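Shown next, in structure tokens, is the structure this report addresses.
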Amino acid sequence: MKQTIQCLVATILVFSSVEANAILAWVSRANCGITLPLPHPSTGSYVNFNESFTWDRPFFIKRTLQTFSHHNLGGYANHAGTNWAPEFHTVNTGVERTWRSWAGDLFDSPTLDWWVHGNHWRRTRRFWGYLGWTFARDCNLGQW
Amino acid sequence: MLRLSFSLPRGLALPFVFCLLLVDTGDTRAQRITDDLVLVRPPGFGEVRPGHVGSKPISESPFSTSEAETMVLDKAHQREHGWTAASEEDVSEFEMFFDTSNELYSRGRSDLSLLLNGLRVVPASFDGTLLSRARLHTAMQIGGFVDGAWTGLVRVMTVPSLGRVVLEEYDYVAAGSHIMIAEEIVDFQINGKPATFDVWRAPSRKSFTELVWFTENKHFRLLVNGTVQPASQRYRNLIELAWALR
């Protein structure tokens, strides 16, 4: 049974930083399989995760971010829904104050070919807007 | 694919095979960029036009009334006194760029050529500018990971006549970004797009200066150690630099 972990974090709108040094990265990863050293009681030792995240990697300083991660089978997730497979779902962090805004599933079926795309959003003390989208069909573990 | 390359004229073989490789991925850029792609917006963020920079009245922003008031008051102080109040912590963040113990140095490179393969953004040339004599401490890929490469780059430098300098550049077109700025805090236009100039100063008087501007495809942020007074020669140098970088 697929278990979805969703980060639904309350909106935090505290602006205490000038955010002048916010160098950010945003990325999606798909079909990432790892074996846990200790088996999970209900899912066993194998974890297959899909994720999109937005983060301040070099400094680990909290920013105001929101990330959506769309997980689909058989194509890009589109508004018309023509590509939506029965397994289509979206994970949403909500607006959060964090150094790593993570939207992901740890237990998407490892036997399926997931297409993952992320929407990444940000506010600063001065700007707001859409950082952009990311897309992945593989894990890119080498990047991290 | 190899067999096909033999059947083609010599000059066409390589491009043809390259095209086949692209098709084989099933993953072309044209296929990916579609207005129909699912895009969920947070409240107050408005319509998205990928690859767009603009400004709107702060009343149309997602900021709360108190946040908006703070932003406008800060900008008024900046314009009247030449600086904006910031915490010691905020200002000390600038120094983190020069702290060799952080990831900017363990993951970054002091030789820019080592990063080029992983970049979608084309680094701005410093030729003929104040930065041409910069000493690069480190550079790192940042931004969105799109089509197997990064859309942003940060360079940490020491520059004669400017001191410690950080330059960030993001290709907001490649990333599909949509950036909005509150009209009330826009200071001037560069390249026909909104630009902001701020000096962030802590109670200890430690400070740094920030200039943000855009080109047709890039979002630049230039940070300089210390206070740059408007109307000073350093200020004019920074504005000239902003117009020159592409």
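Each chain gets a letter, A, B and so on, in the order its sequence line appears, and its residues count up from 1. Quick caveat, the model's predicted, so the values are computed rather than measured. Values below: all heavy atoms of this structure, side chains included; hydrogens, waters and symmetry mates excluded.
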Flag yes if more than 12 heavy atoms outside B/E89 fall under 6.0 Å of its CD atom; otherwise flag no.
no

With a 4.5 angstrom heavy-atom cut-off, which part of B/H219 approaches chain A: side chain, backbone, both or neither?
side chain

Does B/L39 reach the side chain of A/F68, with side-chain heavy atoms less than 4.5 Å apart?
no

Just jot down the side-chain hydrogen bond (donor to acceptor under 3.5 Å, both in side chains) partners of A/T111, sequence neighbours excluded, or say none.
A/S109

So, for B/F63 and A/W128, is the gap between ring centers shorter than 6.0 Å?
yes

Below 4.5 Å, heavy-atom pairs only: which of B/G46, B/A182, B/G44, B/G51 has the largest tally toward chain A?
B/A182

Need one label for B/S55: side chain, backbone, both or neither, based on atoms under 4.5 Å from any heavy atom in chain A.
neither

Please classify the contact of B/S66 with chain A as side chain, backbone, both or neither, using a heavy-atom distance under 4.5 Å.
neither

In terms of side-chain geometry, is the basic nitrogen of A/R123 or B/E67 positioned less than 4.0 Å from the acidic oxygen of its partner?
yes

Checked B/K75, B/M180, B/H52, B/E184 vs chain A; the most non-hydrogen pairs under 4.5 Å come from B/M180

For A/W26 and B/T151, run side-chain contact (heavy atoms from CB on, under 4.5 Å): C-alpha distance rounded to whole Å, both residues' side-chain angles, the deciding distance at 0.1 Å, then the answer.
CA-CA 10 Å; A/W26 50 99; B/T151 58; 4.3 Å; yes

What distance separates B/F145 CZ from A/F135 CZ, expressed to the nearest 0.5 Å?
12.5 Å

Side-chain contact test, heavy atoms from C-beta onward, threshold under 4.5 Å: evaluate it for B/M140 versus A/P58 and give yes or no.
yes

Most chain A-contacting option - heavy-atom pairs closer than 4.5 Å, from B/V212, B/V166, B/I179, B/I185:
B/I185

Answer with side chain, backbone, both or neither: which region of B/V53 has an atom nearer than 4.5 Å to a non-hydrogen atom of chain A?
neither

Using heavy-atom distances under 4.5 Å, tell me whether B/I181 contacts chain A through its side chain, its backbone, both, or neither.
both

Just wondering, are more than 12 heavy atoms of other shown residues or ligands nearer than 6.0 Å to CZ in B/R79?
yes

Results of side-chain contact (heavy atoms from CB on, under 4.5 Å) for B/E80 - residues two or more places apart only
none

Part of A/F127 within contact of chain B (heavy atom distance under 4.5 Å)
both

Nearest heavy atoms of A/R125 and B/A85, plus distance in Å
NH1-O, 4.4 Å

When you compare the side chain of A/H70 with that of B/V40, does any pair of heavy atoms fall below 4.5 Å?
yes

Just to verify, what does B/D99 make a side-chain hydrogen bond (donor to acceptor under 3.5 Å, both in side chains) with, not counting sequence neighbours?
B/S101

Got B/L104 and A/I23 here, is their nearest side-chain heavy-atom distance under 4.5 Å?
yes

Heavy-atom side-chain contact between A/R57 and B/I142 under 4.5 Å
no

Chain A contact residues among residues 189-198 of chain B, heavy-atom distance under 4.5 Å:
B/T196, B/D198

Could you check whether the rings of B/F45 and A/W121 sit parallel, tilted or perpendicular, using 30° and 60° as the cut-offs?
perpendicular

Evaluate the side-chain proximity of A/Y130 to B/S177: yes if any heavy-atom separation is below 4.5 Å, no if none is.
no

Hey, does B/M96 have a side-chain heavy atom less than 4.5 Å from the side chain of A/I61?
yes

B/D74 vs A/R126 side-chain heavy atoms within contact, under 4.5 Å
yes

